[in-house]
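In what follows, a structure is listed as structure tokens, so that the remarks can point back to it.
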There are 2 protein chains.
Amino acid sequence: MTFTMRSSPGYLVNHLGRLFAAELQARIRPLGLSVGVFPLMLQLWERDGLTQRELVDRLGLEQATVANTLSRMARDGLIVRRGDPHDGRIARSWLTERGRALRAPAVAAAEEVNAAALSGLSERERDAFVQLMQKTIAQFEGNAAG
Amino acid sequence: MTFTMRSSPGYLVNHLGRLFAAELQARIRPLGLSVGVFPLMLQLWERDGLTQRELVDRLGLEQATVANTLSRMARDGLIVRRGDPHDGRIARSWLTERGRALRAPAVAAAEEVNAAALSGLSERERDAFVQLMQKTIAQFEGNAAG
DNA sequence: TGCCACTCAATAGCGTGCTATGCAAGTCAC
DNA sequence: GTGACTTGCATAGCACGCTATTGAGTGGCA
């Protein structure tokens, strides 16, 4: 059994990830969003005023990555960062009006991308696909920490 | 049906891609390789002396990405680039001895990552997973060009 | 022959991820 | 209360992907 890219799960998942990201990028760019900020926005739309640490824990990104992304988001007027009155180390991120207003169109865009990408699969296959990914992610995160 | 990250194929595939990449990175770093060069090395191990254009076509990356990656590979002594004697525009990439020697351990590392990642799935599930990814990739590439 | 269009590759500039490091603020031991 | 540890965030520097632009070489055609 020789190793080939086209049958390597690692390669396939990365390649597919790029395709998804490019498609989403194209659809949310007109809104002034980009793929990197999207997961952060999802969290903040859910609940405002999170700390950087909380975002790191929820998203599985590194602290430095979140710090950089928040900086861009602040620069682009999606959020404002304000210190916590009780703990001087903490900076909480709050959506601006503009950031808040993007929720519906952005989520719609993401749903469109998902639907288009999986349009060649049956309902059953789609569910299986999602479950296989969740299971594999759990496998990774079950090992070394999370 | 509300939108959630944990059930969004796009988010899952990207998250899983990062996990795979991190795991592979950790295993091939001791060899002096990184995840970005890996697909290019696979092509060159298969056949030496490819042009940048040929690599772009085989890998579905942008020309600029391949150019940058080849530069790093040359800097790190994995390849040498030599012009084509018949066409002055073309630069072909040739593996160095060192680059050539890394094939076996690098492929072994990738196979280990795949095996570890999918160790929680049955044989049947693994096959289904790979097929679902191939099918979804084909769906994407079937649309706008390839 | 001389020009134009095309192709190939390099480069600039940026987003998004990482590791490593530093600093300021809080906390705990004593 | 002081010193040491911990926690939260920022920054530097790099890999790796992208778009856009540039420049050099080829080839066709008037």
Side-chain angles (χ1 to χ4, degrees), chain A residues 11 14-26 28-29 32-41 49-76 78-79 81-93, chain B residues 10-11 13-26 28-29 32-41 49-57 59-76 78-79 81-93 144:
Chain A
Y11 177 78
N14 269 284
H15 187 45
L16 188 53
R18 282 214 319 282
L19 294 172
F20 265 99
E23 189 65 30
L24 183 62
Q25 181 76 282
I28 63 179
R29 185 183 179 147
L33 294 175
S34 61
V35 296
V37 314
F38 201 95
L40 291 145
M41 291 300 282
L50 295 174
T51 69
Q52 209 178 96
R53 178 81 210 148
E54 288 167 334
L55 287 165
V56 165
D57 291 341
R58 281 165 167 72
L59 296 172
L61 296 170
E62 290 302 316
Q63 176 266 323
T65 299
V66 171
N68 280 332
T69 305
L70 287 175
S71 290
R72 270 181 279 120
M73 290 164 72
R75 178 201 65 188
D76 297 341
L78 297 169
I79 59 165
R81 284 190 278 187
R82 276 199 285 271
D84 185 285
H86 304 304
D87 188 335
R89 295 167 299 180
I90 291 177
R92 300 187 178 274
S93 294
Chain B
Y11 176 78
V13 87
N14 269 283
H15 187 45
L16 187 52
R18 282 214 318 282
L19 295 172
F20 264 100
E23 188 65 32
L24 183 62
Q25 182 76 284
I28 62 180
R29 185 184 179 145
L33 293 176
S34 61
V35 296
V37 314
F38 200 96
L40 296 168
M41 292 299 283
L50 295 175
T51 69
Q52 208 178 99
R53 179 82 209 144
E54 288 168 335
L55 287 165
V56 165
D57 291 341
L59 296 172
L61 296 170
E62 290 302 316
Q63 175 266 322
T65 300
V66 171
N68 281 332
T69 305
L70 287 174
S71 290
R72 271 181 278 121
M73 289 165 71
R75 178 201 66 189
D76 297 341
L78 298 170
I79 58 165
R81 284 191 279 188
R82 276 199 284 273
D84 186 287
H86 304 305
D87 188 336
R89 296 167 298 181
I90 290 176
R92 299 186 178 275
S93 295

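Lettering follows sequence order; numbering is per chain, from 1. In this text, all values refer to a predicted model and were calculated from it rather than measured experimentally. Reckoned from all heavy atoms, side chains included, excluding hydrogens, waters and symmetry mates.
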Exercise for the section: Would you mind telling me which residue lines up with the more 5' stretch of DNA chain D, A/Ser71 or B/Val35, judged by nearest nucleotide? Expected result: A/Ser71
Exercise for the section: Provide, to the nearest angstrom, the distance between the CG atom belonging to A/Asn68 and the C1' atom belonging to D/dC14. Expected result: 12 Å
Practice task
Can you tell me the distance, in whole Å, between the CG atom of B/Leu70 and the C1' atom of C/dA9?
Solution key: 10 Å
Fill in the blank from the handout: Smallest heavy-atom separation, B/Pro39 atom then B/Val35 atom, equals CD-O, 3.2 Å
Exercise for the section: Looking at every strand, decide which applies to B/Arg75 at a 4.0 Å heavy-atom threshold: base, sugar-phosphate, or nothing. Expected result: sugar-phosphate
Compare the minimum distances between each of [options] and the side chain of [X], then state the nucleotide with the smallest one.
X	options	answer
B/Leu61	C/dG17, D/dG17, C/dA9	D/dG17
A/Gln63	D/dT26, D/dA10, C/dA10	D/dA10
A/Ala64	C/dA20, D/dC9, C/dG17	C/dA20
B/Ser34	D/dA15, D/dG17, D/dT26	D/dA15
A/Arg89	C/dA10, D/dC9, C/dA25	C/dA25
B/Gln52	C/dT19, D/dC9, C/dA9	C/dA9
A/Arg18	D/dC18, D/dA10, C/dA9	D/dC18

Problem - Any B/Gln25 side-chain nitrogen or oxygen under 4.0 Å from OP1 or OP2 of C/dT19 - result: no
Exercise for the section: Report yes if at least one side-chain N or O of A/Arg81 is closer than 4.0 Å to OP1 or OP2 of D/dA10; otherwise report no. Expected result: yes
